[in-house]
Amino acid sequence: MPRVTPLGASLILEHVLADPSVPAAVVTKLLVALPFPSHPTPRLRRAVLLHHLAADPVSESSLDTLQLLAALPAPASPIAAAHIAVAAYLAVSASDFDVAVGALFARPNGRARLAVDEGGSSALASDEVMTTVDQFEAAVGNSFSQAVLRGLWGDRSATEERVRDLLAAEWAAIGPSLLVQAAERIVGDGAVETWRAADEATRAKLRILAGEERTHEILRKLEEPTSSANPISTPAVEKVINSLKTSCAELHSVVEDPLPAAKAVADEVLAARMEKSVSLDAEEARGQPTTCGTAGPSAPNDKGKGPSTGKPYSLMDWNPTARTFQWEESPGPESSEPSLRRPHLPSPRRAPVSPLPPGENKNRRRRARKWCLLEEETLRQGVEQYGSGNWKDILNNNPDVFIGRTPVDLKDKWRNMINRYRGIVRPPTTEKAADILLEALFSACQNLADEASSLPSEQKEFKLYKQHVDDLHHLAGNYDSVIVCLGAKVRSLPELANKLPLRTCRGVIAEFKLPSDTVEEYGSQSPSILSDAWLAFQGPRSVSIGSTWQWKSENDSSTVSDEESLTAMEELLPKASGVYPRINKWDFVGARAGIRAMPPLTANGSLPLLGCLDDLLGKKSNCTFWLVGGLGARGLLYHGLVGKLTAKAVISCDENIIPSEFTCWNTIKP
DNA sequence: TTAGGGTTATGG
DNA sequence: CCATAACCCTAA
């Protein structure tokens, strides 16, 4: 008996190995025992890679295996997730993160980056994977990012699970072996056509494989005048049959009993057909000899040795692990009782008929990870820069911050952030703009306090009351301290009406826009100008110009009459055109006004009025009153400084914390 | 890819 | 039991 031919070995391996239940030891022995074909079929390559992966799911070498697997036709869908999980795990578990990330993810030649980039396997690529790769690259030298990545990808068992998901999907989709396909031909669908085309000698061989019972069945059908049967390529079928027969003989040398093994394959095919769970259509059947042909090139040298015709021989010559066996070509008595002698040869199951590929339908939920302040701040800036809705841009331009976040996560987070205070401050539908601004201010304060307080015990409670106050002392009973921040309206408090050195000054500001037919816009960066008048540009086509000075005005209305705006323009335009002559190309679109409370001019300039009011008001309770006023129109400039100084002074009950330049207005006491 | 409705996990 | 934050699903 001749040695196992490469073609035969290929068929055996291809059939036996494509089964997850074959123990690793058996796989190894088979691979050692049989000559591995120089051009294995994709199915065999796949089976070997899958066994490799199962034995060693998370390692440097499994990364290679995954990449090879991805290069095979039609890799299972979970492969991208498994590949990035293994690569990421290798990076975060390496002794030197930066070195490992350089080798795996750095541009241009990181091992995993190449695999998922354009030019690499498309099966490994996705937007999400690219994002992760960029995140790793950006994390070099950034211990914060590394820590987050470790948390996300450092779980070995989770990584292994990704690989197992892939294995399950691959095994489920691996399809029938060539032997099974041949068996389909001999005893399954297509049996009648195969037998019809066979000559007497071939039929004798087929009879051995099919068993007496099935042979009679097939022959009976053959007699029926079913003209609808379409004959299939005889040479191709014969090739398969010969292959099958040869490999059965060889299989016999490796496992216990070859004929029952072949029969088992046939029986399984029959069972499968009974269940109607699988059916090969004629098109598929015709294609199979071609598939078989891919194994053909591996066997040109075998031709001379000829097909095995039943000469017994021992594999012991070259393989001590193999067992010798006597091959009987005659159908034994057991052939009529196939079910009694089920072989122990593991056979691949047909892919379960499932609407979805297994492993893809079981989506596990990511563990919720709290957003850190940096992420929130970056999101705020991102929305400002790219606009709300451009989540992907924001994400991809901050790979070092948004680690393990998706664009949808950013969207959801923004939704949470802008809704944060809806339960505390609900803007009434018919509120005036001023009240809405007040609520916005309150929300901003609460937001800041939340961010500053990391511990629950440090949480501060805020309340926003809106009520009319006739008299400061009405507040005294409820508060330790009251800070008066009223601007020009401070005059409306009877206790302070004429006691503060403030002069009111109305100002008008005018808004201009570029005519829509003007193509040329104002500079790319739109710098604003502070001059005799100021020009505050709001983007490239809009500017506000201010301000006029109407001392001692009592008019605090924000609306401006035509007459007043004309006067204001005559005052503002000469000053504006002095620094920006092209203002005459702009259109006036409206004017607004406001009233400011101006402090006295001192040697240090016009400084805000800060400090404790108790001496001024007369101490009538335990409540202390404080003033933040006289900022003129410069609240934006001063609010941070005066707010901080006043807060410190109020908390420590010590006015001296505030520099005397701000409080000296109040030292001139009666 | 995004918007918006829905679900799950967690802490009070 | 509720409110909230993070996350998921799906239509367009």
Side-chain angles (χ1 to χ4, degrees), chain A residues 77-78 80-82 84-85 88 116-118 122 125-135 144-145 147-155 157-159 161-162 165 169 354-427 439-440 442-464:
Chain A
S77 52
I84 191 66
V116 303
D117 244 354
E118 310 126 37
S122 61
S126 74
D127 266 8
E128 211 179 329
V129 164
M130 275 315 296
T131 301
T132 303
V133 169
D134 288 342
Q135 286 169 357
F144 169 77
S145 299
V148 179
L149 288 169
R150 265 181 242 281
L152 277 174
W153 300 99
D155 183 343
S157 62
T159 310
E161 213 177 328
R162 294 290 85 70
D165 287 345
S354 161
L356 283 174
E360 199 175 26
N361 46 10
K362 51 171 177 181
N363 296 326
R364 64 204 80 242
R365 197 183 174 90
R366 291 177 296 159
R367 197 172 60 84
R369 191 162 46 89
K370 204 157 163 45
W371 282 63
C372 66
L373 292 178
L374 176 64
E375 285 178 302
E376 291 189 351
E377 188 49 42
T378 308
L379 181 56
R380 265 188 279 274
Q381 290 175 16
V383 168
E384 197 173 322
Q385 184 175 354
Y386 299 96
S388 170
N390 296 5
W391 311 115
K392 196 159 183 265
D393 284 339
I394 299 172
L395 178 71
N396 289 335
N397 284 288
N398 297 282
D400 52 335
V401 176
F402 299 122
I403 299 164
R405 308 293 186 190
T406 69
V408 172
D409 288 338
L410 268 57
K411 181 261 299 174
D412 289 332
K413 178 60 184 177
W414 186 248
R415 176 169 58 180
N416 283 342
M417 285 169 69
I418 63 180
N419 283 344
R420 185 172 285 184
Y421 300 108
R422 70 179 167 192
I424 304 170
V425 177
R426 185 175 299 282
E439 285 166 351
F442 172 74
S443 290
C445 291
Q446 180 137 21
N447 205 348
L448 271 174
D450 278 3
E451 291 179 5
S453 53
S454 51
L455 298 175
S457 61
E458 293 173 359
Q459 292 290 335
K460 301 287 186 289
E461 189 182 359
F462 282 76
K463 288 203 169 78
L464 175 61

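Heavy atoms only: backbone and side chains are in, while hydrogens, waters and symmetry mates are out. Each chain gets a letter, A, B and so on, in the order the sequences are listed, and its residues count up from 1.
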Between CG of A:L410 and P of C:dC8 the distance, given in whole Å, is 14 Å
Separation of C:dA5 atom C1' from A:K413 atom NZ, nearest Å, is 7 Å
Donor-acceptor pair, A:N398 side chain versus A:V401 backbone, under 3.5 Å?
-> no
When you compare the side chain of A:S145 with that of A:V148, does any pair of heavy atoms fall below 4.5 Å? no
- Query: Counting distance only, does the side-chain N/O of A:S388 pair as donor-acceptor with the main-chain N or O of A:V383 below 3.5 Å?
  - Reply: no
### Query
When you measure from the centre of the six-membered ring of A:W371, is the NZ or CZ of A:R405 under 6.0 Å away and within 45° of the axis?
yes
A:W371 CH2 to B:dA9 P, in whole Å, measures 20 Å
Pairs under 3.5 Å (N/O, protein and nucleotides 3-6 of chain B):
| unit_1 | atom_1 | unit_2 | atom_2 | d |
| --- | --- | --- | --- | --- |
| B:dA3 | OP2 | A:W391 | NE1 | 2.6 |
| B:dG4 | N7 | A:K411 | NZ | 2.7 |
| B:dG4 | O6 | A:K411 | NZ | 2.7 |
| B:dG5 | N7 | A:R415 | NH1 | 3.1 |
| B:dG5 | O6 | A:R415 | NH2 | 3.0 |
| B:dG6 | O6 | A:R415 | NH2 | 3.3 |

In whole angstroms, the gap separating P of C:dA5 from CG of A:L379 amounts to 14 Å
Whole-Å distance, A:D409 CG to C:dC8 P, equals 7 Å
Walking DNA chain B from its 5' end, the first of A:D393 and A:R367 to be reached, judged by nearest nucleotide, is A:D393
Axis-to-axis angle for the helix from B:dT1-C:dA12 to B:dG12-C:dC1, ends of five pairs each, to 10°, equals 10°
Interatomic distance, OH@A:Y386 vs CG@A:N397, rounded to 0.5 Å, equals 3.0 Å
Here the distance between atom P of C:dA6 and atom CH2 of A:W414, to the nearest Å, is 14 Å
- prompt: Is any side-chain nitrogen or oxygen of A:N416 closer than 4.0 Å to OP1 or OP2 of C:dT4?
  reply: no
In whole angstroms, the gap separating C1' of B:dT8 from CZ of A:R369 amounts to 17 Å
* **A:E376 bridged to A:K413 by N-O distance under 4.0 Å** => yes
Q) Heavy atoms, side chains only, cut-off 4.5 Å: are A:L152 and A:Q135 in contact? A) no
Residue set satisfying side-chain contact (heavy atoms from CB on, under 4.5 Å) with A:R367, at least two apart, ordered chain then number -> none
Ranking A:A368 and A:D127 by the position along DNA chain B of their nearest nucleotide, the one closer to 5' is A:D127
Can any side-chain N or O of A:E377 pair as donor or acceptor with the backbone N or O of A:L374 at less than 3.5 Å?
no
